[in-house]
Amino acid sequence: MTATVDRRGRAAWEALADQAEREAEGLAQQFDAIAPPREGYLSQAGAWNWSSNDQVKEAFRAAGIDLESTEDDALAAVAHPLAALLRHYRAASKLASTYGRKWLKQVAAEGRVYADWRQLGCITGRMSSSSPNMQNLPGEERYRRCFRAPEGRVLVKADYSQIELRIAARISGDKALLEAYRTGQDVHTLTARRMTGKQEVTAAERKLAKPVNFGLIYGLSARTLRRKALAEYGVSMTEEDAQRYKAAFFTTYAGIDCWHRHIRRQRPTEVRTLAGRRFVVGPDDFYGAKANYAVQGTGGDGLKAALALLWERRHEVAGAVPVLAVHDEVVVECDAGQAEAVAAWLKTAMVEAMAPLIDPVPVEVEVKVARTWGGD
DNA sequence: TGTAGTTGCGCC
DNA sequence: AAAGGGCGCAACTACA
């Protein structure tokens, strides 16, 4: 599988890299301006290295704030301009370092990216990718647009909709989830209704229901739910609120609760995916990890079965080639003229591979055709 | 100077 | 005891 960053993509990437670098530098200067003086340094400029967590803790302590950890979740809970500034700096500096100009060295001269793909790179049976890792590129459109199909070609991108929730519905047999999927309801909206007790929920409430759905399936604690809601969605709640949301979730999806209790009680030493693939776990491993292995592993099985079908059916669409697979997404490059046929071919394979695993839960695949991975 | 371990964070 | 899971990469830190 090899995606393409052509000259235009490379130029766009370089502009983004420079922009991120300038932004990180500017934020570092702002930090110097408002940070307490550093012991042993006469001038403020450049006194603190903001990438050093030891120095971050030291600077915050000088400002009267004790940080137990400097990770984003913890910083989000700190009401001080230093914390907000640091969070911005971290975001910019991540883009500048991991996804900076240096990243482009891994693009071959003709514009192709030949990453290393490991078929069983993850314990769960998912693939992993390195040099470069093609599975953790920034999700923002401005970055993904740098990956472009060659002249006369297009990218057909298809991804499974809410696949992990669907798999969890099948494994747990939860009645409410099965019914919601059977009748085509939106599960995030359903959760939001049960959390708020309202029939009509706002977009923000639905958005908050997403981490609740994904997190609680794998044993997220009320405390962590609260932290994540604040850090990732800017939503504050008390721990009691979080506890109530959690209770509402498990009342609504009693089958999920039952599944978890079963794992805790039985303390299994092996877990199987819905394809029957087994892996060994410790009896005392966290139940959430075991639940996750079964779900994530099944997703991996289904995606690989889909890729295998594409190989077996490659003669139906000569010239179409998969260039990317990101856990629940497959991108195929093909001639512009065959895009519609390839879209149908891809969607069919993805559905036919996954459907038998999670029957009777329906599989939904969203397909888009565009010149770039960013969708334009 | 090079290596190993830790922390943090990008994606799903 | 309490705990969402799975990766790979960059920067920092400690140490030889």
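Any value given below was found using the heavy atoms of this structure, including those in side chains, with hydrogens, waters and symmetry copies removed. Chain A is the first sequence line, chain B the second, and so forth, proteins listed ahead of strands; every chain is numbered from 1.
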May I ask you to list the residues of residues 217-236 of chain A, by number, that have any heavy atom positioned under 4.0 Å from an atom of DNA chain B? none
Nearest-Å distance once atom C1' is located in both C/dA2 and B/dG10: 27 Å
Separation of C/dA10 atom P from A/K94 atom NZ, nearest Å, is 8 Å
Terminal axes of the helix from B/dT1-C/dA16 to B/dC12-C/dG5 (five pairs each): angle between them, nearest 10 degrees: 10°
Closest approach to the side chain of A/S51, judged atom by atom: which nucleotide of C/dA3, C/dG6, C/dA11 is it? C/dA11
Exercise: identify the closest heavy-atom pair between A/S161 and A/R166: O-NE, 2.8 Å
Between A/W311 and A/R314, is there a cation-pi geometry (under 6.0 Å to ring centre, at most 45° from the normal)? yes
Can a side chain N or O of A/S52 be found less than 4.0 Å away from OP1 or OP2 on C/dT13? yes
Go through it in stages, so that I can follow the logic: the residues are A/F279 and A/Y293, the test is ring pair (Phe, Tyr, Trp, His ring centres under 6.0 Å), and I'd like the CA-CA distance, side-chain angles, deciding distance and then a yes or no. CA-CA 9 Å; A/F279 42 106; A/Y293 290 163; 5.1 Å; yes
Quick one: label A/Q296 by what it contacts on the DNA or RNA (base, sugar-phosphate, nothing), any heavy atom closer than 4.0 Å. base
Check this for me, if you would: do A/R112 and A/E333 make a salt bridge, where the nitrogen-to-carboxylate-oxygen distance has to be below 4.0 angstrom? yes
Considering only heavy atoms of chain A and a distance under 4.0 Å, specify the first and last nucleotide of DNA chain B in 5' to 3' order that meet this criterion. B/dT7 to B/dC12
Whole Å only: how far is the CD atom of A/Q106 from the P atom of C/dG8? 14 Å
Rounding to a whole Å, what distance do you find between A/I256:CD1 and C/dG5:P? 17 Å
So, A/E164 and A/R126, do they make that salt bridge, N to O below 4.0 Å? yes
How is A/R118 classified with respect to the nucleic acid when contacts are heavy atoms under 4.0 Å: base, sugar-phosphate, or nothing? sugar-phosphate
A/T238 and A/D241: side chain donor to acceptor below 3.5 Å: yes
Distance check needed: C/dC12 P versus A/K57 NZ, whole Å only. 16 Å
Less than 4.0 angstrom between a side-chain N/O of A/S130 and OP1 or OP2 of C/dG8, yes or no? no
Any donor-acceptor N or O pair under 3.5 Å, side chains A/W373, A/E329: yes
Pick the nucleotide of DNA chain C nearest each of A/H327 and A/Y287; which residue has the one closer to the 5' end? A/Y287
Between A/D285 and A/K290, is there a side-chain N and carboxylate O pair less than 4.0 Å apart? no
Can you check the A/I171 CD1 to C/dG5 P distance for me, whole Å? 17 Å
When all nucleic acid strands are considered with a 4.0 Å heavy-atom cut-off, which category describes A/Y293: base, sugar-phosphate, or nothing? sugar-phosphate
For the pair A/R206 and A/D186, find out whether any cationic side-chain nitrogen is under 4.0 Å from an anionic carboxylate oxygen. yes
Round to a whole Å and report the spacing from CZ of A/R101 to P of C/dA10. 17 Å
Looking at A/R277 and A/D301, is there a salt bridge between them, counting it only when a charged N and a carboxylate O are closer than 4.0 Å? yes
Describe the nucleic acid contact of A/S129 in one word from base, sugar-phosphate, nothing, applying a heavy-atom distance below 4.0 Å. sugar-phosphate
Whole angstroms only, please: what is the CD1-C1' distance between A/I263 and C/dG5? 12 Å
Tell me if the CZ atom of A/R145 is crowded by more than 12 foreign heavy atoms within 6.0 Å. no
With respect to the side chain of A/T98, which nucleotide from C/dC12, C/dA10, C/dG5 is positioned closest? C/dA10
Below 4.0 angstrom, N of the basic side chain to O of the carboxylate: do A/R101 and A/D18 qualify? yes
Nearest whole Å is fine: how far is C/dG4 C1' from A/N292 CG? 7 Å
Answer yes if the side chains of A/R90 and A/T70 hold a donor-acceptor pair under 3.5 Å, and no otherwise. yes
